[in-house]
Structures are given as C-alpha cells and as structure tokens.
Amino acid sequence: MSMIFRRVFAFLIRLVVFLIGTIFAIGLLLLGFVLTLSFVVWALLRGWRPQVQRFKVDPRQPFGGFTRRGPAVDPANIVDVEAREVPTAPPRLDRS
C-alpha cells in the first residue's frame, strides 16, 4: 500500500513542478510581450517610428548565413575620403 502512495506522491510532485515551470514560461512570454508593446508605445509617443528588422537565411553560407535584409544604403550617405600612409609602429614584444 505504501508503494502506491509513493507513486501517487511522486506523480503529484512531478505535476506540480511541471505546472510551476509552465506558469514561469508563460510569465516570461507575457513579460517579453509587455516590454515589446511598451517599447513600441513609448517610441510612438516620442515621435519615433519603430522599425521591423527582417533577416533572411542563405543555406549555402556556413552557420545559416544570416544576412540583414532591408533598404540599400543611400548613396548620399556615403562619404569618400582620401587614403594616406600610416607610419609603421615599432615592433611589439611577443608575449606568447
């Protein structure tokens, strides 16, 4: 008879731990949702437009090849500079 009580007690403990974990996970999801929503509302109240960043995956690249997808760089924002020689620095001590 005590074996049945042990099994029932162990099952109840597992059930309680599972429910606590599920409630914790749902709480984290809700916290993330509330923080995201509050950031968007804050940005809109400040006059900023929240931007969605889209990513595409190139399967030919190693590690999935995540690249940022979005508008191309505006050529008006590119600044040309003149190249100049940089003097060589004295040799550094090798600490290996």
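- In this structure the side chain of Phe39 never reaches within 4.5 angstrom of the side chain of Leu35, judged on heavy atoms.
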(Q) Could you go through Ile13 and Phe9, starting from their C-alpha distance and side-chain angles, then the distance that decides it, and tell me whether this counts as side-chain contact (heavy atoms from CB on, under 4.5 Å)? (A) CA-CA 6 Å; Ile13 292 293; Phe9 185 68; 3.9 Å; yes

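- Transitive grouping of hydrophobic side chains (ILVMFWY, heavy atoms separated by less than 4.5 Å) brings Ile4 and Leu12 into a common cluster.
- Taking OG1 from Thr22 and CG from Leu15, the interatomic distance works out to 9.0 Å, rounded to the nearest 0.5 Å.
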